[in-house]
Amino acid sequence: MPELPEVETICRGIAPLIVGLNIAEIIVREPRLRVLIPAGLSASLQGRTVLAVSRRAKYLLIHFSGDCTLLIHLGMSGTLRFLAEPLPFECHDHAEIIFNQGGRLRFRDPRRFGAILLAYGDPLTHPALAGLGPEPLSDEFTAEYLYLRSRKKTVTIKFFLMEQKTVVGVGNIYVSEALHAAGIAPWRQAGKISRRRYALLVKEVRAVLLRAIAAGGTTLRDFQGATGKPGYFSQELLAYGRAGEPCRKCGGEIQSMRIGGRSSFYCAVCQS
DNA sequence: CATGCGGCCTGGCAGC
DNA sequence: TGCTGCCAGGCCGCAT
């Protein structure tokens with residue numbers, strides 16, 4: 001689920017609501033996520049103040065006083081909602097942060113592929129974040145970087161772009177969109193793509209992510225922002241999920257195939 | 001080291 | 001209607 005635009009949407013949504021609040025208690029109803037929620041989390045964070053909320057890759061970072069940071073990953077099906085008032089727990093509501101000033105942050109994740117981690121000191125050195133590639137919206141993400149890094153790689157361009165050590169935040173939806181916009185077939189070998197095409201790809205990755213952020217993310221089924229609103233970027237998708245429908249650029253038919261075990265969507269006319 | 005695949009979980013949906 | 005099988009936005013670990 002949440003790829004970069006969705007996590008960014010949640011980040012921007014909750015930041016103004018929780019910065020400055022301090023923690024009364026954290027309720028953990030089901031610690032068994034992809035990794036176990038740390039034992040004693042509530043005691044560790046009780047009384048600490050939220051200093052800032054940021055995002056790195058697909059992780060949401062909540063920075064607390066006392067130099068510690070909560071890292072939240074939403075996996076495939078996770079949502080994080082701010083509730084002004086208490087609401088009865090439902091199935092799959094695994095954790096909730098309750099603030100002294102009122103208000104609470106509820107973590108729901110039916111498939112439990114998400115994670116809640118605690119980092120002391122610089123969170124970027126936490127094992128989950130160390131070793132990640134550059135942010136796609138940063139200056140480090142350039143055509144030259146992709147070109148040099150991809151030399152001699154035989155993996156598909158689709159897989160290469162989705163690897164978080166290449167560049168972070170691009171998942172199965174946005175990789176289809178960016179490759180479609182750049183006119184590159186998803187099965188092309190990463191190591192055989194020219195500088196010129198990488199330049200176009202970098203531009204299109206940035207463009208699609210920015211447009212998706214502006215739309216509040218993509219809601220296919222259950223994604224929602226911090227206040228429960230869906231994202232509207234699904235209306236703008238040009239390739240993902242459109243197999244059999246006409247390409248909006250050339251009128252050809254959008255195809256689907258499986259690459260690396262994941263479904264991929266492309267236009268055989270526009271992409272090669 | 002690079003690559004490819006299965007597994008983790010649950011829910012929704014198509015097809016029978 | 002009810003069952004089965006397949007698929008899903010991510011990521012890790014293992015085998016080759």
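Just so it is clear: chains get the letters A, B, ... in the order the sequence lines come, proteins before strands, and each one is counted from 1.
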- P atoms of B/dC1 and C/dC11, separation to the nearest Å: 22 Å
- Message: Holding to ring pair (Phe, Tyr, Trp, His ring centres under 6.0 Å), I want the full list of residues that pass it with A/Tyr240, two or more places apart in sequence or in another chain.
- Response: A/Phe265
- Just to confirm, is there a sub-4.0 Å distance from OP1 or OP2 of C/dG9 to any side-chain nitrogen or oxygen of A/Ser263? yes
- Item | Intra- and inter-strand pairs of DNA chain B in dot-bracket (Watson-Crick or G-U wobble, both distances under 3.5 Å; | for another strand) | .|||||||.|||||||
- Mind calculating the distance between CD (A/Glu30) and C1' (B/dC9) to the nearest angstrom? 11 Å
- Item | Residue whose closest nucleotide on DNA chain B lies nearer the 5' end, A/Arg221 versus A/Lys153 | A/Lys153
- Message: Check the phosphate of C/dG10 against A/Gln164, side-chain N and O only, distance under 4.0 Å to OP1 or OP2. Yes or no?
- Response: no
- Query: Closer than 4.0 Å, any side-chain N/O of A/Arg262 to the OP1 or OP2 of C/dG9?
  - Reply: yes
- C/dG5 versus B/dG7 - spacing of their P atoms, nearest Å: 16 Å
- Task: Ignoring hydrogens and angles, tell me if any N or O in the side chain of A/His94 forms a donor-acceptor pair with the backbone of A/Val28 under 3.5 Å.
- Result: no
- Query: Using a cut-off of less than 4.0 Å, is there contact between a side-chain N or O of A/Tyr240 and OP1 or OP2 of C/dG9?
  - Reply: yes
- A/Thr218 vs C/dG9: side-chain N/O to OP1/OP2 distance below 4.0 Å: no
- Task: Give one of base, sugar-phosphate or nothing for A/Gly261, where a contact means two heavy atoms less than 4.0 Å apart.
- Result: nothing
- Item | Residue pairs fulfilling ring pair (Phe, Tyr, Trp, His ring centres under 6.0 Å) with at least one residue in residues 13-67 of chain A, sequence neighbours excluded | A/Tyr59-A/His73
- Note on the structure: Against the side chain of A/His92, the closest entry in C/dC12, C/dG9, B/dG11 is B/dG11
- Query: Ignoring hydrogens and geometry, is there a side-chain-to-backbone donor-acceptor pair from A/Glu6 to A/Phe223 under 3.5 Å?
  - Reply: no
- Of all heavy-atom pairs linking A/Val35 and A/Ala115, the shortest is CG2-CB, 3.9 Å
- Query: Can you tell me if A/Arg29 uses its side chain to pair, donor with acceptor, with the backbone of A/Asp93 under 3.5 Å?
  - Reply: yes
- Task: Tell me which nucleotide among C/dA8, B/dG11, C/dG9 gets nearest to the side chain of A/Pro110.
- Result: B/dG11
- Given C/dC11, is OP1 or OP2 found less than 4.0 Å from the side-chain N or O atoms of A/Lys58? yes
